[in-house]
Amino acid sequence: MTATPSPNPRPVTPGLAANPTFDQEPCELVLDTAPRLFAVVQVCGDSPADADGWVAAWGLVDNDGPTHVISIDGRARMTLASPERALRHFAGRPGITSRLVWLAQPGAAGLDRAEAA
């Protein structure tokens, strides 16, 4: 009996144990190339004592790529040249300002959802 070549261009061999050294490489690649995540926060109030704020949108930006922003309600989606440009879209009404709040850079990555949580 002769084996015929697999039509799958990337065949999977079941039963092989995962290579822990290689498994670490994709995790490091993800950490090195992950986009930065930020929120656009709207703030109203005349002084810090009576200020109120809420998240109006989420955005992500790559180091040398465009910025993508989506409003909390999903009705506004934007591709902008920089995160700061999103501020204009969320601070047009009198008494409301907007600011960017950056999430800290991730420090870990996992291959399955439970590991990453």
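- Shortest non-hydrogen contact noted between T67 and S82 is OG1-C, 3.3 Å.
- Nearest heavy atoms, A51 versus V43: CB-CG1, 4.2 Å.
- Here the closest non-hydrogen pair linking F38 and W58 is O-CE3, 3.2 Å.
- Taken from SG in C44 to CZ in R93, the straight-line distance is 9.5 Å, to the nearest 0.5 Å.
- No side-chain heavy atom of I72 sits under 4.5 Å from any side-chain heavy atom of W54.
- Here the side chains of V40 and L100 are in contact, with some heavy-atom distance below 4.5 Å.
- The CZ atom of R36 sits 11.5 Å away from atom CG of D62, with the distance rounded to the nearest 0.5 Å.
- V101 is not connected to L87 by any chain of hydrophobic side-chain contacts under 4.5 Å among Ile, Leu, Val, Met, Phe, Trp and Tyr, and they are in different clusters.
- In this structure, the separation between OG1 on T97 and CD on Q42 is 8.5 Å, given to the nearest 0.5 Å.
- Counting only heavy atoms from C-beta outward, the side chains of R85 and M78 never approach each other to under 4.5 Å.
- Counting heavy atoms from C-beta on, the side chains of I96 and F90 never come closer than 4.5 Å.
- The shortest heavy-atom contact between D23 and C27 is O-SG, 3.5 Å.
- Note on L37: it clusters hydrophobically with V41, by side-chain heavy-atom contacts below 4.5 Å among ILVMFWY residues.
- Summarising the geometry of A57 relative to V69, their closest heavy-atom pair is CB-CG1, 3.8 Å, with the distance given to 0.1 Å.
- Under the 4.5 Å side-chain heavy-atom criterion for Ile, Leu, Val, Met, Phe, Trp and Tyr, V55 and L103 are members of the same hydrophobic cluster.
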